Amino acid sequence: EDQVTQSPEALRLQEGESSSLNCSYTVSGLRGLFWYRQDPGKGPEFLFTLYSAGEEKEKERLKATLTKKESFLHITAPKPEDSATYLCAVQPTGTASKLTFGTGTRLQVTL
Amino acid sequence: NAGVTQTPKFQVLKTGQSMTLQCAQDMNHNSMYWYRQDPGMGLRLIYYSASEGTTDKGEVPNGYNVSRLNKREFSLRLESAAPSQTSVYFCASSELVTGTYEQYFGPGTRLTVT
């Protein structure tokens with residue numbers, strides 16, 4: 001069974017304090033790993049797709065990396081506007097377009 | 001370009017009532033999905049439609065039905081609502097991009113069943 005586990009469940013950072021969020025996954029074969037941002041009361045917003053181990057993608061203060069068993073979302077010098085829940089999802093091979101989501105990491109960045 | 005839109009945004013039902021959640025996308029995507037999101041459970045797939053004219057069950061289909069009305073619209077129906085269906089419902093759409101399907105989500109419908 002495909003599984004996605006995210007840690008920590010919640011993270012509180014001060015502005016400028018860099019950190020990483022973890023997404024561990026178990027799938028028979030990986031077609032793609034996705035990161036989403038979700039603000040309270042809104043739908044998930046697509047951030048990145050990673051396809052293979054060793055791949056990295058960046059967007060502003062966010063950098064996502066991928067290994068064969070996990071992905072990290074690195075947040076460099078975060079700002080209060082980075083506060084949100086970050087979701088990880090995997091698309092296994094042979095499952096057409098279905099995704100399996102983790103439960104997310106709730107990030108709060110304070111001044 | 002509105003992306004994915006959902007109606008209504010909020011709904012309160014009594015046990016046994018029925019309702020239909022509407023979803024439309026203007027990105028010309030072939031695939032559409034319905035998820036529910038509950039605290040501590042993450043997003044769970046209810047039904048999906050890989051292309052116009054096809055629908056398939058996801059992880060939690062019991063108590064729901066869907067209709068892919070055309071390429072743009074995908075509706076979710078609760079025939080006899082139960083308190084266990086209290087949740088936030090999200091519609092999403094996707095298209096094949098470099099071998100994967102990047103899904104784009106609507107703003108959600110917050111449903112309470114009393």
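Values in this document were obtained by computation on a predicted structure and should not be read as measured data. Side chains are part of it too, since the values below use all heavy atoms of this structure and drop only hydrogens, waters and symmetry mates.
- Taking hydrophobic clusters as Ile, Leu, Val, Met, Phe, Trp and Tyr residues chained together by side-chain heavy-atom distances below 4.5 Å, L43(B) does not share a cluster with Y47(B).
- Annotation: residues 100-107 of chain A contacts chain B through F101(A), G102(A), T103(A) [non-hydrogen atoms, separation under 4.5 Å].
- When all heavy atoms of F90(B) and G43(A) are compared, the pair lying nearest together is CE2-CA, 3.3 Å.
- Only the side chain of Q37(B) comes within contact range of chain A, with at least one heavy atom under 4.5 Å from a heavy atom of that chain.
- Residue L45(B) touches chain A through its side chain alone, counting heavy-atom pairs closer than 4.5 Å.
- The distance from atom OG of S94(B) to atom NZ of K98(A), rounded to the nearest 0.5 Å, is 13.0 Å.
- For E9(A), the CD atom counts as loosely surrounded, since its 6.0 Å shell holds 12 or fewer non-hydrogen atoms of other residues, nucleotides or ligands.
- Ring-centre distance between F46(A) and F105(B): not below the 6.0 Å cut-off.
- With sequence neighbours left out, Q11(B) forms a side chain to side chain donor-acceptor pair (under 3.5 Å) with no residue at all.
- Residues of residues 70-78 of chain A never come within less than 4.5 angstrom of chain B, heavy atom to heavy atom.
- Hydrophobic cluster membership differs between V90(A) and Y104(B), with clusters built from Ile, Leu, Val, Met, Phe, Trp and Tyr side chains linked at under 4.5 angstrom.
- Closest non-hydrogen pair, Y36(A) versus Q103(B), comes out as OH-O, 2.8 Å.
- Under a hydrophobic-cluster definition in which Ile, Leu, Val, Met, Phe, Trp and Tyr are linked whenever side-chain heavy atoms come within less than 4.5 Å, directly or via other members, V66(B) and L13(B) are assigned to the same cluster.
- Hydrophobic clustering (ILVMFWY, side-chain heavy atoms < 4.5 Å, transitive): Y25(A) and L47(A) are in one cluster.
- Note: the hydrophobic cluster containing V113(B) also contains V60(B) (ILVMFWY, side chain heavy atoms under 4.5 Å, direct or indirect links).
- The 12-atom threshold is exceeded at CD of E81(A), counting heavy atoms of other residues, nucleotides or ligands nearer than 6.0 Å.
- No donor-acceptor pair under 3.5 Å is formed between the side chain of Y33(B) and the backbone N or O of L99(A).
- Listed in order of number, the residues of residues 54-69 of chain A that approach chain B to under 4.5 Å between heavy atoms amount to none.
- Within the 4.5 angstrom heavy-atom criterion, only side-chain atoms of R110(B), from C-beta onward, approach chain A.
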